[in-house]
Protein chains: 2
Amino acid sequence: MDEHGACGPHDHAHDGPVAPGPARTADLVARAERLAQDRGLQFTALRRRTLEVVAEEGRPLGAYDIAERLSAPGKRVAAVSVYRALDFLTEHGLVHRIASRNAFVPCEHGHGAGESAVFLICRRCGSVDETISTEIERSLDRTLAQAGFKPASRIVEIEGECEACQGRHEASLPPD
Amino acid sequence: MDEHGACGPHDHAHDGPVAPGPARTADLVARAERLAQDRGLQFTALRRRTLEVVAEEGRPLGAYDIAERLSAPGKRVAAVSVYRALDFLTEHGLVHRIASRNAFVPCEHGHGAGESAVFLICRRCGSVDETISTEIERSLDRTLAQAGFKPASRIVEIEGECEACQGRHEASLPPD
DNA sequence: CCCTGGCTGTTACAGTGTAACGATCTCTGT
DNA sequence: ACAGAGATCGTTACACTGTAACAGCCAGGG
Ligand SMILES: [Zn+2]
Ligand SMILES: [Zn+2]
Ligand SMILES: [Zn+2]
Ligand SMILES: [Zn+2]
């Protein structure tokens with residue numbers, strides 16, 4: 001069974017690895033509200049706005065970038081507040097931290113705490129695609145069990161060139 | 001063929017994931033000299049001393065830690081120099097950067113540029129074990145090919161508890 | 001009402017990494 | 001040997017990332 005449903009991950013070209021924008025944002029916010037309701041957590045305004053900012057952007061954002069976007073003239077949001085909001089959001093699987101970039105992306109799946117993701121980071125356009133592969137996970141589990149290692153968290157980040165950008169080799173555009 | 005030779009990765013308990021110290025250091029330095037010879041590179045004194053410092057330590061070292069160890073009273077080595085040496089060493093596979101720790105470890109394998117490693121990072125003792133799994137790599141390759149993603153570099157870091165530390169649960173080691 | 005616990009604002013600071021410039025060294029062709 | 005090119009290194013300065021500590025705020029329960 002394909003995790004992506006009927007549409008294979010490359011049957012047709014997505015113009016970005018994942019659609020950013022309002023649709024995905026509303027989806028994530030709804031998920032956050034449900035989650036807060038269930039677990040008795042506080043999905044505060046700052047946390048919601050932080051999640052929205054991360055979700056709107058189509059690429060990983062640094063904490064200071066987020067702080068800047070959250071700030072209005074006369075109402076500055078300090079980075080430390082953003083870090084705290086991000087701690088909350090990552091802890092509950094609403095955003096992910098990209099260790100190799102010191103940046104954050106919205107979660108593109110409803111995966112449980114046990115499932116870990118593979119991040120495909122494009123050098124050219126800077127986009128990040130989050131995919132889940134049970135095959136990779138089982139390979140990892142096998143290797144870990146063999147080494148007697150008890151895993152707590154996993155980081156799998158691949159840097160390279162996304163499908164969309166491979167067609168633009170001769171075009172000398174830095175789309176950034 | 002097992003990458004570890006006749007000894008499986010867990011047949012007997014290593015007291016640390018990998019033996020640090022002079023033996024491994026000399027091994028790595030020899031490898032570096034061979035490599036520099038072959039590719040016409042400059043294995044300078046700073047690069048060699050940096051490699052030695054990283055190899056001697058049994059755990060990941062930050063760039064500033066390395067700079068401190070390289071500094072002598074009256075002869076200070078700046079962190080930026082260490083970063084440049086580390087760039088060289090990582091570029092040629094002599095040391096690896098642990099993205100989730102902002103730290104560096106010596107390479108424990110003679111793996112070629114294509115082979116990527118899996119790092120097992122122990123929360124308790126801070127040790128890092130580098131292992132190679134062709135199974136994981138093929139799973140990854142399959143997923144990447146399916147997504148039309150052309151990989152350039154891979155990061156796989158698992159944080160958890162190493163085998164040695166799992167036996168010390170009741171021992172009163174501070175969990176952090 | 002007051003107390004408690006969680007969230008936020010603010011400041012200060014430690015840690016990580018790079019840009020820029022000049023000096024020095026190495027290799028190479030003359 | 002000499003000059004030039006390119007890589008390496010020292011130095012300074014700076015940007016970016018992340019956390020500690022403390023104070024104010026706010027909701028919920030006695
Ligand atoms: Zn996710
Ligand atoms: Zn791309
Ligand atoms: Zn290695
Ligand atoms: Zn351990």
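Numbers restart at 1 for each chain; the letters A, B, ... are given by sequence-line order, proteins then strands.
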request  = Please name all residues satisfying side chain to side chain donor-acceptor pair (under 3.5 Å) with A:E33, sequence neighbours left out, ordered by chain then number.
outcome  = none
task = Could you identify which residues of residues 32-49 of chain A place a heavy atom less than 4.0 Å from some atom of DNA chain C, listed by residue number, or say none?
result = A:Q42, A:T44, A:L46, A:R47
query = Between B:Q166 and A:G148, is there a donor-acceptor pair closer than 3.5 Å when you use the side chain of the first and the backbone of the second?
reply = yes
remark   = Separation of D:dC16 atom C1' from A:F104 atom CZ, nearest Å, is 13 Å
key: Rounded distance in Å - CG (A:L61) to C1' (D:dT17)   = 15 Å
request  = Return the set of residues passing salt bridge (charged side-chain N to carboxylate O under 4.0 Å, His left out) with A:R31 (not counting sequence neighbours), or none when no residue passes.
outcome  = none
request  = Residues of residues 92-103 of chain A with any non-hydrogen atom less than 4.0 angstrom from an atom of DNA chain C: list those, numerically ordered, please.
outcome  = none
query = Do you see a donor-acceptor pair shorter than 3.5 Å between the side chains of A:E159 and B:S153?
reply = no
query = Counting distance only, does the side-chain N/O of B:E161 pair as donor-acceptor with the main-chain N or O of A:P151 below 3.5 Å?
reply = no
query = Does B:C162 reach the side chain of B:L120, with side-chain heavy atoms less than 4.5 Å apart?
reply = no
remark   = B:Y83 OH to D:dT12 C1', in whole Å, measures 16 Å
Length of the line joining B:E91:CD and D:dA7:C1', which is rounded to integer Å = 13 Å
request  = Report the C-alpha distance between A:H109 and A:E115 in whole Å, list the side-chain angles of each, state the deciding distance to 0.1 Å, and finish with yes or no for side chain to side chain donor-acceptor pair (under 3.5 Å).
outcome  = CA-CA 10 Å; A:H109 294 276; A:E115 290 173 329; over 6 Å; no
ask   = By a strict heavy-atom criterion of less than 4.0 Å, which residues belonging to residues 64-75 of chain A are in contact with DNA chain D?
value = A:Y64
Residues which pass salt bridge (charged side-chain N to carboxylate O under 4.0 Å, His left out) with A:D141, listed by chain and number, not counting sequence neighbours = A:R154
Under 4.0 Å protein heavy-atom contacts per nucleotide of nucleotides 20-30 of chain D, with B for base, S for backbone only and - for none = BB---------
ask   = When the C1' atoms of the five terminal pairs at each end define the local axes, what inter-axis angle does the helix from C:dC1-D:dG30 to C:dT30-D:dA1 show, to 10 degrees?
value = 10°
request  = Shoot me the first and last contacting nucleotide of DNA chain C against chain B, ordered 5' to 3', at under 4.0 angstrom to non-hydrogen atoms.
outcome  = C:dT16 to C:dA20
key: Pairing residues for A:V80 by the side-chain contact (heavy atoms from CB on, under 4.5 Å) criterion, not counting sequence neighbours   = A:A78, A:R84
task = Count the heavy atoms of every other residue, nucleotide or ligand shown that sit under 6.0 Å from CD of B:E135, and state whether that count exceeds 12.
result = yes
request  = State, to 0.1 Å, how close B:I121 and A:F149 come at their nearest heavy-atom pair, and which atoms those are.
outcome  = O-CZ, 3.3 Å
task = Would you indicate whether the side-chain heavy atoms of B:Y64 and B:V82 approach each other to under 4.5 Å?
result = no
request  = Answer yes when B:R69 and B:E56 have at least one side-chain N-carboxylate O distance shorter than 4.0 Å, and no when they do not.
outcome  = no
request  = Answer yes or no: is there a side-chain heavy-atom contact under 4.5 Å between B:T131 and B:S133?
outcome  = no
ask   = Given side chains that start at C-beta, do those of A:F119 and A:I155 come closer than 4.5 Å, heavy atoms only?
value = no
Test salt bridge (charged side-chain N to carboxylate O under 4.0 Å, His left out) applied to B:R48 - qualifying residues, sequence neighbours left out = B:E52
Please tabulate, for the side chains in residues 87-95 of chain A, all donor-acceptor contacts under 3.5 angstrom to protein atoms that are two or more places apart in sequence or on a different chain.
residue: A:T90; atom: OG1; partner: A:L86; partner atom: O; Å: 2.9
residue: A:T90; atom: OG1; partner: A:D87; partner atom: O; Å: 3.0
residue: A:H92; atom: ND1; partner: A:F88; partner atom: O; Å: 2.9

message = Is it true that A:E108 and A:H96 share a donor-acceptor pair across their side chains at a distance under 3.5 Å?
response = no
